[in-house]
Amino acid sequence: MGVGKSTVCQLMKKKLNNSVFLDGDWCWDAHPLQVNEETKKMVLQNICFLLNQFIHCSAYQNIIFCWVLHEQSIIDSLVANLDKADCEIRIISLICSEPVLRTRLMSDVNTGKRSADVIERSCKRLSNYTALRTEKINTDGKTPQAIADEIIMVQPSVIL
C-alpha cells in the first residue's frame, strides 16, 4: 500500500504492446470488506481464474498484475495455480522506506483516498518484504515513469 503499484502498472500497460492489467483489489471490492478464510480463498480463486484467462488469450503478450503480496505463501499459492507452460513470470516487490511510505499514505489520507488506519498497518508490513523471494525495486525518489521503465527493461509474459 502506498508504494505506487497501481500507478506504475497503469503506465506499464500503456508502454507494453498487447498488454492487460489486473489489480487484485478489483477481485475483492466489497463493502464492507470482509476478510476471513472463505473470502481469502474466493479472492485467490478469482485472481487465478482471471490471470489464466489472460494467459490463454492470444490477444495478450504481457499480463500485469498487482496486489499487496506481503507473504510468500500468497505468492506461492498464486503461482502454483497459474498455467505457466507458455509464459514467463517475473515477481517484483515495489518497496520504499518507512518515512516515504508514511508521507505518501498521509497524503492519501488528507485527500480522502484512504483511512488513517492504513498507515500503521502498512508500516508494520514493510519488514515482510525483505523475506520474500522476489525482485525488489525501491521506489524512493523515483517517478512512477522511471519505475515502469526499470521493470520493463526485461519483458516477461506475466508480471506479478
Side-chain angles (χ1 to χ4, degrees), residues 1-16 19-54 62-82 89-152 158-160:
M1 290 183 198
V3 294
K5 294 179 307 301
S6 296
T7 301
V8 168
C9 288
Q10 288 290 356
L11 288 168
M12 289 172 52
K13 179 183 71 177
K14 292 174 184 168
K15 287 176 154 276
L16 294 169
S19 64
V20 62
F21 168 47
L22 173 64
D23 186 325
D25 288 345
W26 299 339
C27 299
W28 207 2
D29 188 359
H31 181 77
L33 178 63
Q34 299 179 57
V35 180
N36 57 48
E37 290 309 310
E38 178 184 16
T39 60
K40 286 193 263 185
K41 179 180 176 183
M42 181 235 12
V43 76
L44 287 171
Q45 289 174 336
N46 288 347
I47 289 167
C48 290
F49 174 80
L50 288 169
L51 288 174
N52 278 319
Q53 292 296 101
F54 291 140
N62 297 285
I63 303 162
I64 305 157
F65 170 69
C66 80
W67 200 30
V68 175
L69 297 169
H70 63 290
E71 296 176 3
Q72 189 64 47
S73 62
I74 298 170
I75 296 168
D76 293 345
S77 177
L78 287 172
V79 172
N81 288 289
L82 296 180
I89 298 175
R90 185 173 175 203
I91 305 170
I92 301 166
S93 295
L94 298 184
I95 58 172
C96 66
S97 65
E98 184 172 337
V100 168
L101 182 61
R102 285 183 181 280
T103 299
R104 290 176 183 170
L105 291 174
M106 185 52 73
S107 175
D108 285 354
V109 168
N110 291 338
T111 59
K113 292 180 184 175
R114 300 180 195 259
S115 59
D117 65 323
V118 74
I119 297 172
E120 290 310 314
R121 189 170 66 246
S122 296
C123 288
K124 285 181 184 177
R125 287 183 175 169
L126 276 177
S127 62
N128 291 20
Y129 291 92
T130 58
L132 298 179
R133 295 185 307 274
T134 63
E135 177 183 345
K136 315 292 188 293
I137 296 179
N138 192 312
T139 65
D140 287 5
K142 296 178 185 173
T143 65
Q145 189 74 38
I147 298 162
D149 290 343
E150 184 175 343
I151 292 170
I152 62 176
V158 178
I159 302 170
L160 297 179

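These numbers come from a predicted model, not from an experiment. In what follows, residues are counted from 1 in the order of the sequence shown.
Taken to the nearest 0.5 Å, the NZ atom of Lys5 stands 13.0 Å off from the CD1 atom of Ile92. Between the CG atom of Leu94 and the SG atom of Cys66 there is a distance of 8.5 Å, given to the nearest 0.5 Å.
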Leu44 and Trp67: CA distance, side-chain angles, deciding distance, side chain to side chain contact (heavy atoms under 4.5 Å, CB included) verdict
CA-CA 11 Å; Leu44 287 171; Trp67 200 30; 3.8 Å; yes

Given side chain to side chain contact (heavy atoms under 4.5 Å, CB included), test Arg133 with Asp76 step by step and report yes or no.
CA-CA 10 Å; Arg133 295 185 307 274; Asp76 293 345; 3.3 Å; yes

Run the salt bridge (charged side-chain N to carboxylate O under 4.0 Å, His left out) check on Lys15 and Asp149 step by step: do they pass?
CA-CA 9 Å; Lys15 287 176 154 276; Asp149 290 343; 2.6 Å; yes

For side chain to side chain contact (heavy atoms under 4.5 Å, CB included), just list the numbers for Ile151 and Arg90, CA-CA rounded to whole Å, side-chain angles, deciding distance to a tenth of an Å, and then say yes or no.
CA-CA 10 Å; Ile151 292 170; Arg90 185 173 175 203; 4.1 Å; yes

Using the side chain to side chain contact (heavy atoms under 4.5 Å, CB included) rule, take Val35 and Trp28 through it: C-alpha gap first, then chi angles, then the decisive distance, then the call.
CA-CA 10 Å; Val35 180; Trp28 207 2; 4.0 Å; yes

Where do Ser122 and Arg114 land on the side chain to side chain donor-acceptor pair (under 3.5 Å) test, with the steps shown first?
CA-CA 12 Å; Ser122 296; Arg114 300 180 195 259; 6.0 Å; no

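A pairwise comparison of heavy atoms in Trp26 and Leu22 identifies CZ3-CA, 4.0 Å as the closest pair. In terms of heavy-atom proximity, Cys96 sits nearest to Asn138 at CA-OD1, 4.0 Å.
For NZ of Lys41, the number of neighbouring non-hydrogen atoms (other residues, nucleotides, ligands) closer than 6.0 Å is 12 at most.
Glu98 is linked by a side chain to side chain donor-acceptor pair (under 3.5 Å) to Arg102, counting only residues two or more places apart in sequence or in another chain.
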